Amino acid sequence: KNEVEQSPQNLTAQEGEFITINCSYSVGISALHWLQQHPGGGIVSLFMLSSGKKKHGRLIATINIQEKHSSLHITASHPRDSAVYICAADPYNTDKLIFGTGTRLQVFP
Amino acid sequence: EAQVTQNPRYLITVTGKKLTVTCSQNMNHEYMSWYRQDPGLGLRQIYYSMNVEVTDKGDVPEGYKVSRKEKRNFPLILESPSPNQTSLYFCASSLRYRGGRQETQYFGPGTRLLVL
């Protein structure tokens with residue numbers, strides 16, 4: 001079992017829909033990261049969370065430390081949100097991130 | 001502009017021919033890292049460095065070398081590339097102090113490597 005699990009693996013949506021991507025982890029962490037990778041390949045950091053909730057535009061990330069679970073929400077989705085979304089856990093006891101395998105999102109007009 | 005640069009962006013080579021992929025950051029970050037990305041496997045860490053002259057193995061270090069002689073540069077060296085090292089490679093940097101959490105990572109644009 002992977003230490004960081006994402007669901008779903010693939011997600012399709014119509015423009016305007018509310019999107020939720022989930023990330024569960026099994027290790028104690030000091031932070032959790034959400035990354036976005038567009039089809040061109042570049043990776044951008046969206047959020048770093050250690051508790052609660054963060055919002056940036058139409059993107060919202062939440063984390064529940066007790067339940068070892070984080071969600072990434074996209075409100076009013078748009079075709080330009082089509083990308084792979086990756087969560088990464090930052091464990092207490094190492095200097096390395098543990099990555100999920102990503103969720104591929106496609107938003108159709 | 002804050003950035004991580006990688007060169008080359010695309011590389012086709014043959015088995016056994018030594019190559020170096022350069023990585024440079026202009027943010028004075030302590031932490032630098034190399035990842036490879038393969039379909040279905042996600043991002044896997046090859047090596048990382050906490051600071052100058054301090055490097056550690058990641059999850060898949062076999063067949064790779066790194067060095068950190070200057071804070072801004074972290075080259076990835078493949079002494080004798082093999083076809084199973086065909087992959088998409090990313091360099092990243094961030095603020096991080098040993099024992100502390102990793103702050104926002106900045107990724108380079110990626111290097112697509114094909115080893116024939």
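Throughout, a chain's letter reflects where its sequence line sits, starting with A, and its residues are numbered from 1. For clarity, every value in this text was computed on a predicted model and none was experimentally measured.
In the hydrophobic clustering of this structure, V60(B) groups with V66(B); members are Ile, Leu, Val, Met, Phe, Trp, Tyr whose side-chain heavy atoms approach within less than 4.5 Å, directly or through other members.
For Q37(A), the part lying near chain B is the side chain, with the backbone staying farther off; criterion is any non-hydrogen pair under 4.5 Å. Using a 4.5 Å cut-off between heavy atoms, I29(A) does not touch chain B at all. Of the two parts of L43(B), the backbone and the side chain both hold a non-hydrogen atom closer than 4.5 Å to a non-hydrogen atom of chain A. In this structure, chain A has no heavy atom under 4.5 Å from any part of Y106(B). For I86(A), the part sitting under 4.5 Å from any heavy atom of chain B is the side chain, from C-beta outward, and nothing else. For Q45(B), the part lying near chain A is the side chain, with the backbone staying farther off; criterion is any non-hydrogen pair under 4.5 Å. Only the side chain of Q37(B) comes within contact range of chain A, with heavy atoms under 4.5 Å apart.
Among the candidates A88(A), S30(A), S45(A), G42(A), the residue making the largest number of heavy-atom pairs closer than 4.5 Å to chain B is S45(A).
Side-chain N or O atoms of R9(B) include one that pairs as donor or acceptor with a backbone N or O of G110(B) at under 3.5 Å. Side-chain N or O atoms of N22(A) include none that pairs as donor or acceptor with a backbone N or O of H69(A) at under 3.5 Å.
With a 6.0 Å radius and a threshold of 12 heavy atoms from other residues, nucleotides or ligands, I65(A) has its CD1 atom above the threshold.
A distance of 10.0 Å separates OH in Y85(A) from CG in L11(A), rounded to the nearest 0.5 Å.
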